[in-house]
Structures are given as C-alpha cells and as structure tokens.
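Worksheet for the structure shown next.
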Amino acid sequence: MTTIDDVVTAAVAAAHPDLVRLSHDLYDHPEIAWEEVRSARRVAEQLADNGFEVTERYRDLDTAFAARIGSGDLHIAVCAEYDALPGLGHACGHNLISAISVGAALALAPVVDDLGLTVSVLGTPAEEGGGGKIELLERGGFDGLHAAAMVHPGPVDVALARPFAVSHSHIEYRGRSAHAAAYPERGVNAADAFTIAQVAIGLLRQQLPHSVRVHGMMTRGGEAPNAIAEHTAGRWYVRAETLAELAEVEPRILRCFEAGAWASGAALTVTPESKPYAEFRTDTELLACYERRAIAVGRRFSSGADAMMARASTDMGNVSQLIPAIHPYIGIDSMPAVNHQPEFATATTTPAAEAAIGQGAAALAGTIVDAATDTRIRHRLIRGHRAD
C-alpha cells in the first residue's frame with residue numbers, strides 16, 4: 001500500500017534533475033537584490049508548469065511571486081530566495097534555496113488534498129540587505145499563513161537558526177573639493193570624515209557587548225588623489241542579539257559617524273537601506289520534525305566551530321516574529337569555503353550540493369507532512385499558537 005511518505009519520496013526523486021537544472025540556471029544568471037527579474041520568473045515558471053497557481057508581482061513587488069496549490073484549512077508556505085551578492089554571485093547559495101523550496105512544494109503537490117493542506121511557495125526578493133520579506137509582511141504577503149519554512153545552505157548542517165538582528169545603513173559625507181597641493185585649505189575632506197568614523201568605531205568596539213557586530217565598507221572614496229574628496233559613501237551594518245539590543249547600541253555607532261562630520265566639517269547623511277531584520281524565533285516542534293526528517297534522509301548535524309552560519313542575519317527573522325517558522329541550514333561540504341566567499345558560490349554546483357537539494361526538499365516536505373498529520377501540531381498551528 002502506497003503511503004504519503006512514499007509519494008513524497010518518489011516525487012522528489014522524479015523532480016531532482018529539474019531542480020538541479022534550476023539551481024545551476026540561477027547560478028549562471030545571478031541577479032542582485034530587487035533586480036531578480038529573470039530569477040523570479042524562472043522559479044515561478046517551474047511551479048506554474050507543475051500545476052501551481054502563480055501570482056507574479058506579488059503584493060506589487062516586481063520580483064516577488066506567490067505560487068499556490070491545494071485548498072486545505074492548514075496553510076503553510078515555503079520561502080524561495082534567489083538574489084545574489086554584488087560581485088560574488090550566488091556565494092550565499094540562494095540558488096539552492098529556490099531549488100529546495102520548489103522541490104518540497106512539488107513533492108507535496110500530489111498529497112495536499114489527502115493532508116488537508118494549502119501549500120504556497122513565496123518568492124521573496126532582496127534578502128541580501130534589502131528586506132524583501134519585511135516589505136511583503138507589511139503589504140500583507142504572509143496573511144492567512146499558519147507557518148513558514150525554508151532551508152538555507154551552509155558548510156555544514158545546523159538545525160537551530162540563531163540569526164542576529166541587524167540594521168543596514170547607507171552612509172554619505174559631503175565636503176568641498178579643492179586642489180590638494182595648491183589650495184588644500186579651501187577643501188572640506190569627506191574622506192577624512194570616514195577615517196575618523198572608522199577609528200571611532202574601532203575604539204568603541206572595546207566597550208560593545210560581545211553579541212554586537214559592526215562592519216561595513218566604503219563604496220566611494222573620492223575622485224582623484226590630487227583633489228580633496230568632496231563626496232564619500234559607504235554601507236554599514238550593525239548586528240545585535242535582539243532588536244531591543246540593536247535599538248540600544250545603534251545610536252552609539254551613529255555618534256561615531258557624527259564625530260567624523262564634526263571633525264572634518266563634512267555633512268553627514270544616514271539612510272536606512274531597509275527596516276531592521278529581527279532575531280529569529282524558532283518553532284521548536286516544527287524544528288524537531290525537520291531534524292527527524294533530515295536524519296532519516298542521511299543528514300548529520302554539526303555543533304562545532306564550522307556551524308557559525310546559523311548566526312547570520314535574515315529577514316526571515318521578521319516573519320518568525322509573527323508566525324511559527326523554521327530556518328535550518330543544510331551543508332554542502334564546502335569547507336574550507338564558507339558563505340560569502342566566491343569558492344562557496346562554486347561549491348553550490350558540486351555533487352554534494354546537488355545531493356543537498358534532494359535531501360533538503362525531502363526533509364522540508366516531510367516536516368510539512370508531519371505538521372499536517374500530527375493532530376496536536378496541526379490544531380496548534382491553525383489556532384495560531386507557537387511552540388517556542
């Protein structure tokens with residue numbers, strides 16, 4: 001007698017070659033945050049071709065989509081990410097995320113009626129600093145969902161996500177140019193402003209909590225070595241254990257940038273690149289289901305020093321504050337390469353990564369099967385209760 005698990009397993013196996021092709025296609029055509037036109041269309045088309053009802057430009061976001069199948073009273077979403085990193089391509093493995101989420105949805109499609117499920121795949125743009133999921137949340141894109149899940153690649157498998165809260169800011173100084181040799185006294189040096197700010201931040205780190213991270217880069221440093229820099233700009237992130245801690249510490253970082261302005265005479269402008277990302281709130285029962293399913297398909301979890309990807313920030317944290325959610329990590333045997341290195345992008349096309357696509361899709365689909373068939377979990381989710 002064929003069981004639901006048998007159907008899911010067979011569906012993942014049948015879809016696996018197409019899922020690998022999807023991942024490689026996204027890898028070959030990387031698009032950065034808010035520019036993922038081709039990527040969003042490619043992922044959505046694969047779902048539409050398999051019977052999903054697809055809404056493009058979901059909630060009026062050009063590179064978001066929603067794909068839905070089933071009409072059951074339990075509605076669970078899997079999130080697909082597909083934005084790449086500037087200059088690094090898919091060095092965070094979002095091509096694999098899309099393939100795993102699509103695979104889980106395709107595996108569940110034949111059994112949604114048996115399970116009383118509605119399954120949605122949400123195409124969520126701009127995770128790399130743009131806060132696409134936050135935009136969708138504020139536009140009602142997660143309304144009506146009882147839970148959301150996704151699986152993120154890393155060097156090794158880690159079950160429990162512990163992302164930092166994070167703010168993303170664009171920093172800009174405006175000074176006045178002048179010939180650096182002939183008329184230096186007529187200039188206001190916007191590059192000096194950045195130097196002062198970075199020195200101040202470096203000194204402040206001695207007094208910051210161990211849970212705080214501050215890092216950034218200059219994207220514009222001036223125009224010519226013999227001209228006083230008139231315009232400089234950069235991108236800066238502040239991370240903390242929680243949004244509450246972030247709210248306490250971020251003003252101290254901003255004062256360092258203000259110090260650069262005061263000392264140099266340049267004008268400072270700070271512009272948020274997105275709303276802050278929240279810390280992650282894991283639904284422990286759903287995560288336990290994922291752990292069992294992942295182990296059953298051959299995955300093994302790590303807790304050593306190589307498991308630090310679990311501390312990376314994500315806008316999925318904001319989703320987890322409102323509905324039950326999980327965000328485990330699946331390893332692609334990339335060491336010594338880690339996320340946000342070009343070598344990690346290359347590792348997303350290896351046989352180990354291709355195996356992770358199938359196993360991740362099977363584990364994620366199995367998690368949703370368990371949520372639908374465990375009466376207690378099902379009723380808890382429908383009632384809107386959490387298991388933290």
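Under the rule for a salt bridge (charged side-chain N to carboxylate O under 4.0 Å, His left out), the partners of Glu241 that lie at least two apart in sequence or sit in another chain are Arg311. Scanning for side chain to side chain contact (heavy atoms under 4.5 Å, CB included) contacts around Ile323 gives Phe142, Leu145, Ala148, Val319, with sequence neighbours left out. For Arg186, there are no salt bridge (charged side-chain N to carboxylate O under 4.0 Å, His left out) partners two or more places apart in sequence or in a different chain.
You'll find the side chain of Ser98 stays beyond 4.5 Å of the side chain of His94, heavy atoms only. Inter-residue side-chain proximity for Tyr277 and Glu127 is flagged as met; some heavy-atom pair is nearer than 4.5 Å. In this structure, the side chains of Thr282 and Phe280 come closer than 4.5 Å at one or more pairs of heavy atoms.
Put simply, the residue from Glu279, Glu245, His215 that forms a side-chain hydrogen bond (donor to acceptor under 3.5 Å, both in side chains) with Arg239 is His215. Across Thr3, Ile368, Val111, a single residue satisfies side-chain contact (heavy atoms from CB on, under 4.5 Å) together with Val8, and that is Val111.
Cluster annotation: Val338 and Tyr329 are assigned to distinct hydrophobic clusters (Ile/Leu/Val/Met/Phe/Trp/Tyr, side-chain heavy-atom contacts under 4.5 Å, transitive).
Ser320 places a side-chain N or O within 3.5 Å of a backbone atom of Gly317 that can act as its donor or acceptor partner.
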Ring pair (Phe, Tyr, Trp, His ring centres under 6.0 Å) for Tyr27 and His29? Distances and angles first, verdict last. CA-CA 6 Å; Tyr27 172 87; His29 302 90; 9.9 Å; no

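One side chain, Thr348 or Asn95, offers a donor N or O that lies under 3.5 Å from an acceptor on the other.
Across all their heavy atoms, Pro328 and Leu287 have their closest contact at CB-CD1, 4.4 Å.
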